[in-house]
Amino acid sequence: MSITRRSARRSVRILGVASATAALALGVAGQALACNISEFKAEAKCDGDKGVIVVTDYDASATPAEITVFLENNGADAKQVGEPQKVKGSADGTTVTFQEDWKPDATYRIHVKAGRVDDDVTPNLVTQSTACKKEESSTPSAPASPTPKPSKSTPASTPTPSASESTSSAPAAPASNAPSPATGDSNLAETGANSNTGLIAGVAGALVVVGGGAVYFGMRRRGAKAGS
């Protein structure tokens, strides 16, 4: 065999090995970029006072995926939440939202179909222990009492005083500035029965008699002195 043929065969072998190596590398890279169930995350969140379940796809290969959510009860599917939703993932994450007014400590199963993936997100999603909306108290609050409107005041009628009240409450007559008459004068003016006029007249007569006697005896004494 000539040297030329040997060189040609050697070149073909080298080319074949290189092609196989490249194919293997491409296969490994393709598997690395393929969708994986670990690239899906599920969370229970609140949208205002309503609950939602948000599933995020971090598949950088953007493989189309279909996501279905189930409410679990004692390890079995109790109901399907809404309709399955389709998503294409990204390195930054692409989300889909399921409207579900979930209860505290509820369990949900998240199922993913994407390429060769047909599996559940593990572990199952368990909601938080506090609901989005607090339960209202069963005891109704007492309504505020209305403020009463002020009524028009009716003037109270003035009571007629009784005879005794009018007598006792009559104002005292103002005191007169004129001097009050003496007790004796009052008695004389009113009846005259207690008058001292007779007594005064008697005393006056007695004085007249005594005075006359004194004059008489005085004249006699003078006459006697004159005769001696």
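Keep in mind that this is a model prediction, so the values were computed, not measured.
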Ser90 versus Asp92, side-chain donor and acceptor atoms under 3.5 Å: no

Distance-minimising heavy-atom pair for Lys50 and Cys132: O-SG, 3.8 Å

For a quick test of reading the model, state the closest non-hydrogen atom pair linking Gly93 to Thr56 and the distance between them. CA-CG2, 3.9 Å

Minimum heavy-atom distance between Thr94 and Gly89, given as atom pair plus value: OG1-C, 3.7 Å

Any side-chain heavy-atom pair of Glu100 and Lys79 under 4.5 Å: yes

So, Thr68 side chain and Pro84 main chain: donor-acceptor pair closer than 3.5 Å or not? no

Would His111 and Arg109 count as a side chain to side chain contact (heavy atoms under 4.5 Å, CB included) if you check the C-alpha gap in whole Å, the side-chain angles of each, and the deciding distance to 0.1 Å? CA-CA 6 Å; His111 188 76; Arg109 180 172 68 89; 3.9 Å; yes

Nearest-0.5 Å distance, CZ of residue Arg116 to OG1 of residue Thr63: 9.5 Å

Do you know which two heavy atoms are closest between Ala78 and Asn73, and how far apart they sit? CB-CB, 3.9 Å

Specify the closest pair of heavy atoms between Thr127 and Ala44, including all atoms of both residues, with the distance to one decimal. CG2-CB, 3.7 Å

Closest heavy-atom pair, Cys35 versus Ser61, reported as atoms and distance to 0.1 Å, is N-OG, 4.0 Å

Taking the side chain from Gln99 and the backbone from Asp101, do they hold a donor-acceptor pair closer than 3.5 Å? no

Nearest 0.5 Å, please: how far is NZ in Lys45 from OG1 in Thr97? 8.0 Å

The reported gap from OG in Ser129 to NZ in Lys103 (rounded to nearest 0.5 angstrom) is 15.0 Å

Shared-cluster residues of Leu125, by chain and number - hydrophobic side chains joined below 4.5 Å: Ile37, Phe40, Ile53, Val55, Ile67, Val69, Leu71, Val81, Val87, Val96, Phe98, Trp102, Tyr108, Ile110, Val112, Val117, Val121

